[in-house]
Amino acid sequence: MAAVQQTSEQVLELERYKHGFITDIDQEFAPKGLSEDTVRFISAKKGEPDWMLDWRLEAYRRWLALDEPDWARVNFPKIDYQDAYYYAAPKDKVGPDSLDEVDPELLAVYEKLGIPLKEQEFLAGVKGSAKYAVDAVFDSVSVVTTFKKELAAVGVIFCSMSEAIREHPELVRQYLGSVVPVSDNYFACLNSAVFSDGSFVYVPPGVRCPMELSTYFRINAAESGQFERTLIIADKAAYVSYLEGCTAPMRDENQLHAAVVELVLLDDAEIKYSTVQNWYPGDKDGKGGIYNFVTKRADCRGDRSKVSWTQVETGSAITWKYPSCVLRGEGSSGEFYSIAITNNHQQADTGTKMIHLGANTRSRIIAKGISAGHSTSTYRGLVSAHPKAKGARNFTQCDSLLIGKSCAAHTTPYIEARNASAKFEHEATTTRLSDDQLFYAMQRGLSQEEAVQLLVNGFVKDVLQELPMEFAVEAQKLVAISLEGSVG
Amino acid sequence: MSATARAIESGDAGLLPSRRDEDWRWSDLRGLIRAVPAPSPEDLAPLAASPFGNLAEAEMAIVNGRGPAGLTLAAGERRVVALRFVAGAGAGSHVARLAIDLGEGADLVLLETYEGGGQDYLADADLTVSLAAGARLERIVLADDSAAGVSVSRADISLAAGARLAQTVLTTGARRQRLETRVSHPGHGADVRLDGVYLLTARRHADITTIVTHEGVDGTTDQLTKGVADDQARGVFQGRIVVSPGADRTEARMGHHALILSDRAEIDGKPELEIYADDVSCAHGNTVGALDDEALFYARQRGIPETEARAMLMAAFLGEVIDRIAHEGAREIAQAWVASRLEARV
């Protein structure tokens, strides 16, 4: 009950999108538009080596030859790729080493965001029970990465992508683009050409990363796109848990976010990747908001490796996102837990791909979609077993909840079984909130809004409990805020 | 008109649906057929007996695309009609079109067969069926296409208020085969059962596709498709249930369950729900797996040879669908049809 009360208090306290502030920080932009020169500009700005520039230019040339995909169940006006900035960086800073060097205004931003940039507390001797190492990406540039020393002591590399290109080129060259190839899809290809920063993690063999790693992404500048690139490598028997959060200011125009996340897992490695996505969803008439076109993929190369994606998608005007698992290693396993909430005029087309290539690979998909207002939410997924994937096993459950008369919920799963020992199970349901349950809850004194929150929280519980504790609390509040005003 | 019919009539293989068409990704025709075969000649030779024997009161045969073009039942009329699509002598490519109209309260049992013989052909059948208020149609399809044939059948069925449709499609596949049914319920209270069985061996392919659109209130749809794929066969099930805005109190259930018996066989499934109304209750389930080893062990332990035990388990598995056929005579023939094909494996 406490959680529900907290949720409803939160709703009262926050009228609308709470992260909708704009911070006036001197920004440095690349010239508007996209051309080879833009790509060269970004690469030069980052002081990248030639191999990286060549890689980007190759991606740009391939991108020109690709067509924008149109199969997702989302509608939006054609994007003018020449009408956006592809690079925006807070001025006056080049990789600060400590928080002291960071623009105080920027710190204030994070404080508003409630990001646990708690390093100062730690320096002051305040030892908390939970530790988070944070990499904060502001527009296109990673501004601060905390706890680097502590992590370095156990051999974990956690830094921005540009730093990794400078300092660990051998790792970057070996793994970058090996999971999501340059021309994998339209948006990934665009990202490969113009990505400006992101996080890089390498966990050496046998190391269990001592703390949760976390990245906060924020789009601040107007008319700019954000293209971050994340690469996480878990070497043999390594473990890491990684959290990602996203916010953006309220603006009338649509902004493009096209990220690529690549996870590499060697033998016995495990990665837990959690996302709370709360980009600006647009106003209640569907004006503005972020286009979130993201390619996320994990490659379980090693035997017995395990990857787990957990996502809470509440933001963005349009979400186009399919975190996938390529289960190559024998006995490897993939999990996907998702909550996608759409309200007002949001559109979400999201799901996962479980590609079983190795023997005895297992996967599990739990997807919960909630649509309210005039929104559309689609689960789209693929489960496939290669002839060599003997004993492959999948369980999928997709449930959709409808709140209101004009929303829509769709389920489009693809199932491809190509060997006799594969065992696939899939079930899906679509229903509205049960009148009986609502009545029961209201009969016991809850307001309609509280009752809805209680039922919705119950509906998504299977997924929420997969999130790390602090994130789960935040996510639960987000669920409530996203559905605010959807009943009555 | 279907894309396949257009391709056949214009002789342009480039118009055939291909893997690039989302609804045909598992049943590519363009990649398979380089050139549309010559139009099928007229074949006036007498036909062998219908697979449904003498169950029907009347028989309509469409041979090489030639035959009757329509069937109309007056209000309140009740009939049992056999409808045969036959690839006759010298079959190349042909299109068959048929319109079926059921008046108010009419009741039709349609015993439909696809008979391919040993031919190599490209055949398309387009059916347009309309059911007036309170009409009932039970459609039982036995598809016995040739292993070398390519066959596409599409039925567009619309149901007025209170109309009822029950359909069971049984197939052994073809070189490539698509059996598509599109149902729309503009009327309220429409009631639909759409079932399917595929039983595939060798290199055969079968694609059972259904699209059900609920436009009126209080509609129900109940779907169950089961299949078995062995050797290098490929079974495809695509089911889509669309609930349009305002189609409240729709209840829809869809199930697809398949057995995959060989490492070179393939089962592809896409059960879709597309929901635009909130007062609905829709669910689908999809499972793919092998025969239950424990059940097999149990049967063998009791002295049943393995091949027979397998056939028994498959018969039981598929039997659930066949048992739902309401017309008793047709149900018995369907049971025998499946049993004889399972026995052929022993």
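A note on names: the letters A, B, ... follow the listed sequences, proteins ahead of strands, and every chain is numbered from 1.
The SG atom of A/Cys398 sits 9.0 Å away from atom CG of B/Leu273, with the distance rounded to the nearest 0.5 Å. Atom OG of residue A/Ser384 and atom CD of residue B/Glu266 lie 9.0 Å apart, to the nearest 0.5 angstrom.
Atom CZ of B/Arg25 has more than 12 neighbouring heavy atoms from other residues, nucleotides or ligands inside a 6.0 Å radius. Atom CZ of B/Arg300 has 12 or fewer heavy atoms from other residues, nucleotides or ligands within 6.0 Å. Counting non-hydrogen atoms of neighbouring residues, nucleotides and ligands closer than 6.0 angstrom, the CD atom of B/Glu294 reaches no more than 12 such neighbours. Within a 6.0 Å sphere centred on CZ of B/Arg193, heavy atoms belonging to other residues, nucleotides or ligands number more than 12. A 6.0 Å sphere centred on CZ of A/Phe76 holds more than 12 heavy atoms belonging to other residues, nucleotides or ligands. The environment of A/Lys353 atom NZ is sparse: at most 12 non-hydrogen atoms of other residues, nucleotides or ligands sit within 6.0 angstrom.
With chain B as the partner, the residue from A/His426, A/Glu425, A/Gln397 showing the most heavy-atom pairs under 4.5 Å is A/His426. The greatest number of non-hydrogen atom pairs below 4.5 Å with chain B, out of A/Thr430, A/Thr431, A/Asp435, is found for A/Thr430. The choice from B/Ala283, B/Ala290, B/Cys282, B/Ser281 that makes the most heavy-atom pairs within less than 4.5 Å of chain A is B/Cys282.
Heavy atoms of B/Arg234 lying under 4.5 Å from chain A are absent altogether. Interface remark: B/Asp248 contributes side-chain atoms only to the contact with chain A (heavy atom separation under 4.5 Å). For a residue to count as touching a neighbouring chain, one of its non-hydrogen atoms must lie under 4.5 Å from one of that chain's; by this rule A/Arg73 touches chain B with the side chain only. Proximity to chain A (any heavy atom under 4.5 Å) is shown, for B/Glu274, by both the backbone and the side chain. Only the side chain of A/Lys390 comes within contact range of chain B, judged by heavy atoms closer than 4.5 Å. With a 4.5 angstrom heavy-atom cutoff, B/Pro271 touches chain A via backbone and side-chain atoms both.
Heavy-atom proximity under 4.5 angstrom to chain B picks out A/Ala408, A/Ala409, A/His410, A/Thr411, A/Thr412, A/Pro413, A/Tyr414, A/Ile415, A/Glu416, A/Ala417, A/Arg418, A/Asn419, A/Ala420, A/Ser421, A/Ala422, A/Lys423 from residues 408-423 of chain A.
Counting heavy atoms from C-beta on, the side chains of A/Leu402 and B/Val280 come closer than 4.5 Å. A heavy-atom distance below 4.5 Å is found between the side chains of B/Asp279 and A/Lys405.
Smallest separation of non-hydrogen atoms from B/Asp278 and A/Gly404: CB-O, 3.0 Å.
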